Trainee: 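The structure is given below, and queries will be raised subsequently.
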Amino acid sequence: MSSADETPETKLTLSKRRWAEQGKFLTGKTARPEADRLPPGQHLVKNWPVLDLGQQPVISLDAWRLDIRAGVENPVTLTWKTFNDLPQAEKLSDIHCVTTWSRYDNRWQGVSTRDLLDHVMPRQEARFVMLTSSDGYTTNLPLSDFAAEDALLATHWDGAPITTEHGGPVRLVVPHLYFWKSAKWISRIEFMPGDAAGFWERNGYHMRGDPWTEERYSDD
Ligand SMILES: Nc1nc2c(c(=O)[nH]1)N[C@H]1C(S)=C(S)[C@@H](COP(=O)(O)O)O[C@H]1N2
Ligand SMILES: [Mo]
């Protein structure tokens, strides 16, 4: 509800104010002592394993599209050019896979989810996100986790374009959740008022997937 004496706001300040009201920036990564860096039940690896459903779609940059149309004030179909015109970010983070491997210090470049959210502006009632990928994979997560400070749509890892097997040209990285939430070959992002299960979530895995509290499997 709006009052008559409401201060005029730009779309950007409005979206920022909504985030603040909903406490969306309060979740995400916090500083941890090195000894607490590895979540329970995880072991450290130096290599980078490949995990997917076995289909690794090869997508040319000309053909690449990212649809963000559902549940937003500014629906867009991004091309490689319009995606790369968004502000560029660099993030350093650890990977935690539910199959118990973790990999430290991954350097990612791409577009931060916060800058993407400022661009598309989820509707006020949006609370959850559904991600769809070119291999048919889907996964869901809370909007507050998608909007974490170190989450991004990554195009580069360790200074080079992300390879096809690891989800290039563009994959999501949400480092504070198990890695199955980090959709490779991302092609669609939908914002929803209620939660809905993606591929692994329909197959017994947790709706949120916090490695620190071992949210591996669903309780029911
Ligand atoms: N599109 C897509 N994204 C996906 C998957 C998949 O099968 N398809 N697997 C997920 C799982 S279970 C994990 S552990 C990570 C693995 O990413 P990596 O192969 O780059 O290590 O990707 C996640 N994202
Ligand atoms: Mo996984």
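Because the structure is a prediction, the values reported are computed rather than measured. Hydrogens, waters and symmetry mates are skipped; everything else that's a heavy atom, side chains included, is used. Just follow the structure's listing: the first ligand is 1, and inside any ligand the first atom is 1.
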Trainee: Could you tell me whether Lys181 and Glu201 make a salt bridge, using a distance below 4.0 angstrom between a side-chain N and a carboxylate O?
Mentor: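 Yes, Lys181 and Glu201 are salt-bridged.
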Trainee: So if I only count non-hydrogen atoms and take anything under 4.0 Å from ligand 1, which residues does that give, chain by chain?
Mentor: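 Its neighbours under 4.0 Å (heavy atoms only) are Trp48, Pro49, Val50, Leu51, Asp52, Leu53, Cys97, Trp101, Ser133, Asp135, Tyr137, His166, Arg171, Phe179, Trp180, Ser182, Ala183, Lys184, Trp185, Trp200, given by chain and number.
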Trainee: Got a sec, which residues hit ring-ring contact (aromatic ring centres under 6.0 Å, His included) with His166, two or more places apart in sequence or on another chain?
Mentor: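 Result, ring-ring contact (aromatic ring centres under 6.0 Å, His included) vs His166: Trp48.
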Trainee: Would you say Trp101 and Ile95 make side-chain contact, with heavy atoms under 4.5 Å?
Mentor: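 Yes, close enough: below the 4.5 Å cut-off.
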Trainee: For residues His176 and Asp145, determine if any side-chain heavy atom of one lies less than 4.5 Å from a side-chain heavy atom of the other.
Mentor: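 Yes, at least one pair of side-chain atoms sits under 4.5 Å.
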Trainee: Less than 6.0 angstrom from the centroid, inside 45 degrees of the normal: does Arg37 satisfy that with respect to the ring of Tyr104?
Mentor: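 Geometry flag: set, cation within 6.0 Å and 45°.
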Trainee: For a quick check under 3.5 Å, do Trp157 and Asn106 share a side-chain donor-acceptor pair by atom type?
Mentor: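 Yes, a side-chain donor-acceptor pair sits under 3.5 Å.
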